[in-house]
Number of protein chains: 2
Amino acid sequence: MAKAKAKAASDRLGSSERIRLAALGLFKARGYHGTSVRDLAEALGIEPASLYHHFPSKQAILVDLFDRTMDIMQDRLHQAIAGGATPAAQLRNFVRFHVLFHIECQDEAFVSHSELRSLTAPNHRRMIGKRDRYEKAIRELLAAGVRAGEFEIADVRLTSIAILMMCSGVSDWFTRRGRLKPEKVADSYADMVLRLVRAR
Amino acid sequence: MAKAKAKAASDRLGSSERIRLAALGLFKARGYHGTSVRDLAEALGIEPASLYHHFPSKQAILVDLFDRTMDIMQDRLHQAIAGGATPAAQLRNFVRFHVLFHIECQDEAFVSHSELRSLTAPNHRRMIGKRDRYEKAIRELLAAGVRAGEFEIADVRLTSIAILMMCSGVSDWFTRRGRLKPEKVADSYADMVLRLVRAR
DNA sequence: GTCTATAACTAGATAGAC
DNA sequence: GTCTATCTAGTTATAGAC
């Protein structure tokens with residue numbers, strides 16, 4: 001059973017890490033507001049009060065998940081792009097990274113998108129800031145490709161958001177029990193995106 | 001104010017229609033579980049108990065929104081595709097329709113995607129069935145284009161889901177106060193998708 | 001068709017023992 | 001670090017008056 005395996009793996013994790021993992025699963029399946037502190041405690045086999053030793057509130061758990069996910073994404077984005085010599089190579093690297101991230105950190109990516117509205121106003125603002133910084137990097141990648149004569153793009157802003165929506169959608173539908181391996185999906189998406197921008 | 005205008009328009013609607021409209025706005029902004037029956041009643045200027053004269057439960061309101069949205073989409077999909085002579089023309093018509101629907105019925109489309117998990121098990125199964133029928137129509141459109149030698153697609157299933165994610169994403173980011181008019185967005189998306197499938 | 005009043009239950013969070 | 005016990009408030013939904 002996948003469940004038993006997940007349990008065995010989580011036994012080797014710290015308490016806070018186990019809480020994060022369980023919260024991620026529940027927030028994905030039922031949403032933040034659809035998950036009670038009691039639900040979360042039950043999934044962990046502890047009492048609700050015990051959770052408050054590790055996190056001051058349910059909202060703090062959500063924010064913690066967001067911060068980790070957004071920061072890891074931003075870090076790895078720059079590593080991925082840095083590996084490409086031309087804008088076309090950088091775009092291929094970016095799409096492959098973005099798709100693979102949305103598969104490997106599927107729950108993190110899904111929750112970081114679907115539960116934005118469940119953040120309190122200040123937390124929401126902060127995460128929108130991180131998201132905007134990420135999106136700006138993609139726009140600049142596309143604009144550089146246009147300047148270099150490698151891409152043919154009518155509207156960089158529109159194209160960047162279209163590409164991001166397409167690639168982030170992977171966390172919506174991908175399943176490990178599916179037909180395609182992560183690497184195959186990542187390569188196919190990179191091909192589609194490069195055609196989309198008419199890369200030479 | 002947009003709010004005052006929405007209120008004036010809703011005054012001419014039936015009670016059930018006004019409830020649907022208010023629920024749509026709240027479910028989009030806060031989610032189904034993040035919206036209480038009290039919130040909804042307050043937005044309508046009535047007491048919570050009054051809602052139960054029009055709908056038997058909060059879930060019934062959500063299901064009603066889903067049914068209307070999914071049925072309208074399915075109907076208009078066939079009208080849109082029927083207007084094209086070739087697979088390429090049909091695909092352009094489909095993308096234009098799908099994007100324009102996700103702009104004009106933005107809240108309906110957004111909620112019908114984001115709140116799938118808030119449906120009870122039998123309702124969820126029913127909506128997944130409707131969604132699958134819609135997706136199947138797109139796959140068949142792409143497959144017909146490949147058979148006719150008009151599209152070059154390595155994996156029809158993967159490409160269809162990528163296109164759908166990209167186009168449905170419009171309901172996530174579009175705003176009427178933005179830079180681009182709906183028609184412009186629809187045309188640009190159609191161009192991008194036709195390049196994606198290497199349409200002749 | 002909307003109200004008041006309320007039932008029956010669940011929510012997030014805390015106090016303090018162990 | 002986890003527990004029992006509990007607080008306060010909020011949840012969906014119903015009964016029955018007007």
Side-chain angles (χ1 to χ4, degrees), chain A residues 7 9-66 111 114-124, chain B residues 7 9-66 111 115 117-124:
Chain A
K7 181 63 164 51
S10 78
D11 281 351
R12 268 169 272 122
L13 302 171
S15 298
S16 299
E17 201 55 44
R18 285 178 57 230
I19 293 170
R20 266 188 282 271
L21 211 66
L24 210 46
L26 288 171
F27 292 171
K28 190 193 179 184
R30 312 179 195 173
Y32 176 77
H33 290 298
T35 303
S36 68
V37 173
R38 281 173 169 78
D39 291 338
L40 180 53
E42 192 178 15
L44 289 160
I46 59 175
E47 293 303 312
S50 305
L51 284 168
Y52 290 88
H53 177 75
H54 305 279
F55 291 93
S57 67
K58 183 176 138 181
Q59 174 78 197
I61 302 174
L62 183 65
V63 171
D64 193 89
L65 292 174
F66 263 95
V111 168
S114 61
E115 297 303 335
L116 260 174
R117 65 185 172 191
S118 301
L119 292 166
T120 58
N123 291 330
H124 189 265
Chain B
K7 181 61 164 53
S10 78
D11 282 349
R12 269 169 271 124
L13 300 172
S15 297
S16 298
E17 200 56 43
R18 286 178 57 231
I19 293 170
R20 266 188 282 271
L21 211 64
L24 210 45
L26 288 170
F27 291 172
K28 189 193 179 185
R30 313 180 195 174
Y32 175 77
H33 290 298
T35 304
S36 69
V37 174
R38 276 172 169 79
D39 292 337
L40 180 53
E42 193 179 14
L44 289 159
I46 59 176
E47 294 302 313
S50 305
L51 283 168
Y52 291 89
H53 177 75
H54 304 280
F55 291 93
S57 67
K58 183 175 136 181
Q59 174 78 197
I61 300 175
L62 183 65
V63 171
D64 192 87
L65 291 174
F66 263 95
V111 170
E115 297 303 335
R117 64 185 173 190
S118 301
L119 293 166
T120 58
N123 290 331
H124 189 266

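Keep in mind that the numbers below use all heavy atoms, side chains included, and drop hydrogens, waters and symmetry copies.
Put simply, CD on B:Glu42 is 13 Å from P on D:dT12, counting in whole angstrom units. The separation between B:Phe55 atom CZ and D:dT14 atom P is 15 Å, rounded to whole Å. The interatomic distance linking A:Gln59 (CD) with C:dA13 (P) rounds to 9 Å, in whole Å. Separating the CZ atom of A:Arg30 from the C1' atom of C:dA11 is a distance of 15 Å, rounded to the nearest angstrom.
Qualifying side chain to side chain donor-acceptor pair (under 3.5 Å) partners for A:Thr35, counting only residues two or more places apart in sequence or in other chains: none. Every residue two or more places apart in sequence or in another chain that forms a side chain to side chain contact (heavy atoms under 4.5 Å, CB included) with A:Ala22 is listed here: A:Leu40, A:Leu44. A search for side chain to side chain contact (heavy atoms under 4.5 Å, CB included) contacts involving B:Glu17 returns B:Leu13, B:Arg20, B:Arg68, not counting sequence neighbours. Shown here are the salt bridge (Lys or Arg N to Asp or Glu O under 4.0 Å) partners of B:Arg30, two or more places apart in sequence or in another chain: B:Asp39.
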Enumerate all atom pairs, one protein N or O and one N or O from nucleotides 1-4 of chain D, separated by less than 3.5 Å.
from  : atom 1 : to      : atom 2 : distance (Å)
D:dG1 : OP2    : A:His53 : NE2    : 3.2
D:dT2 : OP2    : A:His54 : NE2    : 2.8
D:dC3 : OP2    : A:Glu47 : N      : 2.6
D:dC3 : OP2    : A:Ser50 : OG     : 2.7

Exercise. Do A:Phe55 and A:Ile19 pass the side-chain contact (heavy atoms from CB on, under 4.5 Å) test, and can you show the C-alpha distance, the side-chain angles, and the key distance before you say yes or no?
Worked result: CA-CA 9 Å; A:Phe55 291 93; A:Ile19 293 170; 3.7 Å; yes
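Of the residues in residues 32-40 of chain B, those lying under 4.0 Å from DNA chain D by heavy-atom distance are B:Thr35, B:Ser36, B:Val37, B:Arg38.
A salt bridge links A:Arg117 and B:Glu115; the closest N-O separation between the charged side-chain nitrogens and carboxylate oxygens is under 4.0 Å.
OP1 or OP2 of C:dA13 sits under 4.0 Å from a side-chain N or O of A:Tyr52.
The closest donor-acceptor contact from the side chain of A:Tyr32 to the backbone of A:Val111 lies at 3.5 Å or more, if one exists at all.
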